Amino acid sequence: MKKLDKLIIKTFLGPFVATFFVTLFVLVMQFLWKYVDDLVGKGLDTGVIIQLIAYTSATLVTLALPLAVLLSSIMTFGNLGESFELVALKSSGISLLRFIRPLLFVCTIIGILAFLFANYVIPVANLQAKSLLYDITNSKPAFNIKAGVFYKDIPGYTIKVAQKDKDNQTIHQVMIFDHQSGGGDKIILAEKGQMVLTANKRFLYFILDNGWRYEERGNRGYTVPGDMIRLGFKKYSKAFDLSSFAFNRLNMDLFASNQQMLNVRQLDVAIDSLQKVENQFSKTVNAYVTVRYPFFKWKDTAWAAAAPPLKVKDFEEIIPLKNRRSVLERAEQTTRETQSALEQPTQEYEDKHGTIVMHKVEWQRKFTLAAACIVMFLIGAPLGSIIRKGGLGTPLVFAVIFFVIFNVFFMIGEKMARSGVMYTWSGMWLSNMVLLPIAGFLIVKAMNDSQLFNKEYYFRSIQKIRKFLERRKKQPTI
């Protein structure tokens, strides 16, 4: 490796590492803002939040890499152009493609590592992140009784307190309605009390002072009313089971069959199995439909070459009036039965085919995002040498523009692939196919020292056009 290659690689790696972590941080923040309502108020431990962020960060690595490569390549070649190092290299006879070559090799390695990461690490991270997020979103909010509000999250109970002191334990004017099975409702009224939570947060005790306990004994629903019992107390303790508020993890095997949790080899096996099931289902449905609703493909000698002309203008004219109603009702019933009989297999076939398409889309995703690292470098390197601006300002603007273009076409292509408008390979590779000609155009312009983004060039061009128009106006008309 020559000193030039070492210089360019060293100049590239610093901005790449910095921009990668900044981009990953922004993507993780976007995820947290999306699910902030599901995370707040659940009483989650710090370890659970850290696990969710770690697994989510791993799933976003392949999306952060193309943007990091694009931004760092623009910054690298922009800094070299701003310090006139590119001019010195070109004046010494070194072409643009020559000093792009070492970074192209580095970005190829980054793309290969991105594919390996997407194939072996992201399926595991997706499984952990999706299952953990499902458990969090389906868990109950943390126990929190508010003053003046009926609280019904504890199964079988409704609680209301008129006032809570600042210590968050002392409560006043307590009402507890017990709706649990085993008889009539039970009502507890107390002037004052204390809320005490056990150390393991499994039980909550209400230690109440000066109150009454009302209970209706007897089965409800009978004509004979039950007995109403009232008991007064000076001190009463009521325990509530808070096990339903505990954060519980489901078995992750329930999510393991999803296409996002599989690598390329597992996706190949799943796609092959699903296609066999789809083909067998198609054969069964075709046989069923052909027997019950035949559509003849071949005509025999008894078929007329053309349908004979009808001598009636309306179908109802050939049906006797006394039979017309029964015939129309029978035709309508047959049509409904036929429609209902065909809708179910049609929907089932669409579901099976949609599952196959989702697996194929996920298979292509692992390659497209890895290839996007190389495409983004082929855009960023010549773009940086053309704009000749270092730092974070101008490169960030161009990087955001091209990344938005990439992301928009990537989402459009994925949506069209899932809906069947495009083939899965063409839909998932749409963004790369759109950006690759732009990369070729920028490379040609950079090799020819184009002034594509030089505002002075456009200013001089506008001045020339203005002078030309002024001369045209001064010429005498014939």
Side-chain angles (χ1 to χ4, degrees), residues 34 59-60 62-63 66 111 114-115 118-119 122-123 126-127 129-130 133-134 254-295 297 335-373 375-376 402-438:
K34 182 179 179 180
T59 60
L60 296 173
T62 54
L63 188 59
F115 167 73
N119 192 40
I122 287 184
N126 270 329
L127 178 60
K130 298 294 184 183
L133 184 61
Y134 178 83
L254 299 174
F255 305 90
S257 60
N258 189 275
Q259 66 275 0
Q260 295 181 346
M261 322 303 176
L262 306 177
N263 55 33
V264 171
R265 183 181 59 82
Q266 293 170 336
L267 286 171
D268 287 333
V269 175
I271 291 172
D272 183 66
S273 301
L274 290 171
Q275 284 180 340
K276 289 181 179 179
V277 173
E278 182 187 27
N279 293 335
Q280 186 63 35
F281 179 78
S282 300
K283 292 179 181 179
T284 304
V285 172
N286 287 335
Y288 170 75
V289 172
T290 303
V291 172
R292 190 168 182 179
Y293 312 103
F295 301 96
K297 297 182 180 180
T335 304
R336 285 198 302 266
E337 292 177 354
T338 303
Q339 183 179 1
S340 61
L342 294 177
E343 280 180 350
Q344 182 178 357
T346 301
Q347 184 63 41
E348 189 173 353
Y349 177 81
E350 290 179 355
D351 294 340
K352 293 180 182 297
H353 185 71
T355 305
I356 296 176
V357 170
M358 294 293 289
H359 281 72
K360 290 182 178 180
V361 166
E362 198 62 34
W363 191 93
Q364 295 287 346
R365 186 197 305 275
K366 300 182 185 300
F367 294 92
T368 53
L369 292 177
C373 297
V375 175
M376 288 298 183
F402 281 100
F403 185 74
V404 168
I405 295 173
F406 168 79
N407 206 18
V408 167
F409 279 99
F410 185 81
M411 290 188 295
I412 291 174
E414 182 178 356
K415 186 175 181 180
M416 295 176 74
R418 288 183 175 181
S419 59
V421 178
M422 298 178 67
Y423 292 109
T424 52
W425 65 268
S426 60
M428 296 302 294
W429 287 87
L430 179 63
S431 57
N432 289 329
M433 290 188 292
V434 169
L435 292 179
L436 199 57
I438 300 177

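Given the structure is predicted, the values throughout are model-derived calculations rather than measurements.
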Nearest 0.5 Å, what's the [atom1]-[atom2] distance between [X] and [Y]?
X	Y	atom1	atom2	result
Met428	Arg418	CE	CZ	8.0 Å
Gln260	Met358	CD	CE	7.0 Å
Phe409	Met416	CZ	CE	10.5 Å
Phe402	Met376	CZ	CE	9.0 Å
Leu267	Gln364	CG	CD	10.5 Å
Ile412	Asn407	CD1	CG	10.0 Å

**OP:** For the pair Glu278 and Leu274, evaluate side chain to side chain contact (heavy atoms under 4.5 Å, CB included) and give the outcome as yes or no after the intermediate values.
**Re:** CA-CA 6 Å; Glu278 182 187 27; Leu274 290 171; over 6 Å; no

Subject >> Full working for side chain to side chain contact (heavy atoms under 4.5 Å, CB included) between Asn432 and Phe406 >> reply: CA-CA 7 Å; Asn432 289 329; Phe406 168 79; 3.8 Å; yes

Subject >> Under 3.5 Å donor-acceptor, Lys366 side chain and Asn119 backbone >> reply: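 Checked: no pair found.
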
Original post:
With no hydrogens and no angle check, is any side-chain donor or acceptor of Gln275 less than 3.5 Å from a backbone partner on Asp272?
Top reply: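 Answer holds: no.
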
What heavy-atom pair brings [X] and [Y] nearest, and what distance separates the two atoms?
X	Y	result
Ala118	Thr62	CB-CG2, 3.8 Å
Gly427	Ala417	CA-CB, 4.2 Å
Ala372	Pro66	CB-CG, 4.0 Å
Gly111	Ala370	O-CB, 3.2 Å
Ala270	His359	CB-CD2, 3.8 Å

Original post:
Does Asp268 have any side chain to side chain donor-acceptor pair (under 3.5 Å) partners at least two apart in sequence or in another chain, and if so, which?
Top reply: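 Result, side chain to side chain donor-acceptor pair (under 3.5 Å) vs Asp268: Trp363.
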
**OP:** Can you sort out the partners of Arg365 under side chain to side chain donor-acceptor pair (under 3.5 Å), two or more places apart, ordered by chain and number?
**Re:**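 Scan of Arg365 (side chain to side chain donor-acceptor pair (under 3.5 Å), adjacent residues dropped) gives Glu362, Glu414.
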
Original post:
Given the rule in the side chain to side chain contact (heavy atoms under 4.5 Å, CB included) test, do Thr59 and Lys130 qualify, once you have shown the distances and angles that lead to the verdict?
Top reply: CA-CA 10 Å; Thr59 60; Lys130 298 294 184 183; over 6 Å; no

**OP:** I would like to know whether Ile438 and Leu435 meet side chain to side chain contact (heavy atoms under 4.5 Å, CB included); could you show each step before the answer?
**Re:** CA-CA 5 Å; Ile438 300 177; Leu435 292 179; 4.1 Å; yes

